[in-house]
Amino acid sequence: TDIVIETATELASLLEDRALVRGSAAAPTVIRSGLNKPVRVEKALALSGLQHVRLQGMIFAAAVEVQDCENLTITSCVLTEPVTFTDCPGLRLVGNTWDHATLTLVSCPTALLRNNMFLSHSWTSDQPTDSDYNLYSTQLPAATEPNSVCGDPLLVPGHYFTNDANSPL
């Protein structure tokens with residue numbers, strides 16, 4: 001199921017209806033902003049109980065607390081406030097921009113972090129995490145992941161990258 005949303009209010013309503021957004025391993029539910037029309041979420045968000053859901057192309061400008069979600073994917077999003085994931089097996093964080101957002105993973109076995117940009121804070125996890133191919137700001141300690149780098153992404157202020165609707169992630 002591919003659901004395109006236009007407002008943060010639509011996102012909040014969708015996430016309340018667990019039956020509507022429950023995906024499967026073979027057919028995850030994708031909730032995304034329209035191409036070049038990112039939805040900006042400015043109120044704190046608490047998510048729980050989601051299964052096989054992908055959130056894509058949103059700007060989270062408020063704290064996000066996620067717990068008890070299975071096979072949740074966050075991709076092509078911008079996060080500017082603290083984000084905490086608790087008890088989220090199969091978590092995938094791919095292609096996001098972490099701009100002044102701290103990321104904390106608690107009891108998230110098999111979590112995957114790929115192709116993210118960490119501009120001012122790194123992340124912490126209480127379990128081994130499959131993390132690589134990330135970019136860390138030069139203000140952060142040197143990357144210890146084999147294929148990650150420290151550098152300046154040379155972003156244009158006020159603009160962020162968002163995947164198109166056909167992205168396989």
Task: With Ser125 via side-chain hydrogen bond (donor to acceptor under 3.5 Å, both in side chains) - residues at least two apart - done: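 Only Thr129 meet the side-chain hydrogen bond (donor to acceptor under 3.5 Å, both in side chains) criterion with Ser125.
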Task: side-chain hydrogen bond (donor to acceptor under 3.5 Å, both in side chains) partners of Asn71, counting only residues at least two apart - done: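 Expected list: none.
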Supply the atom-to-atom distance [X] [atom1] to [Y] [atom2], rounded to the nearest 0.5 angstrom.
X	Y	atom1	atom2	value
Thr104	Trp123	OG1	CH2	11.0 Å
Leu113	Asp132	CG	CG	10.5 Å
Leu93	Thr75	CG	OG1	9.0 Å
Asn147	Asn115	CG	CG	10.5 Å
Glu145	Asn134	CD	CG	5.0 Å

Open item on the list: Tell me the closest heavy-atom pair linking Val66 and Leu72, and the distance in Å.
Closed with: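 Minimum heavy-atom separation between Val66 and Leu72: CG1-CD2, 3.7 Å.
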TODO: Heavy atoms only: give me the nearest Cys108-Asp87 pair and the separation to one decimal.
DONE: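 Scanning both residues, the minimum pair turns out to be SG-N, 4.2 Å.
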Which residue pairs satisfy the salt bridge (Lys or Arg N to Asp or Glu O under 4.0 Å) criterion with at least one member in [range], sequence neighbours excluded?
range	result
residues 112-131	Arg114-Asp130
residues 57-66	none
residues 66-81	none

Check: residues 39-48 side-chain donor-acceptor pairs under 3.5 Å, at least two apart:
unit_1: Arg40; atom_1: NE; unit_2: Glu42; atom_2: OE2; d: 2.6

- [ ] Output yes when a side-chain donor or acceptor of Ser148 lies under 3.5 Å from a complementary backbone atom of Tyr133, and no otherwise.
- [x] yes
Open item on the list: Could you tell me if the side chain of Phe60 sits less than 4.5 Å from the side chain of Asn96, heavy atoms only?
Closed with: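 SC-SC contact between Asn96 and Phe60 ruled out.
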TODO: Could you walk me through whether Glu10 and Ile3 pass the side chain to side chain contact (heavy atoms under 4.5 Å, CB included) test, one step at a time?
DONE: CA-CA 10 Å; Glu10 280 182 88; Ile3 303 169; over 6 Å; no
Open item on the list: Could you tell me if Tyr136 and Trp98 have a donor-acceptor pair between their side chains, going purely by distance under 3.5 Å?
Closed with: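 No donor-acceptor contact under 3.5 Å links the two side chains.
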TODO: Just do the side chain to side chain contact (heavy atoms under 4.5 Å, CB included) check on Ile5 and Met58 with the steps written out, would you?
DONE: CA-CA 10 Å; Ile5 60 170; Met58 297 173 209; 3.9 Å; yes
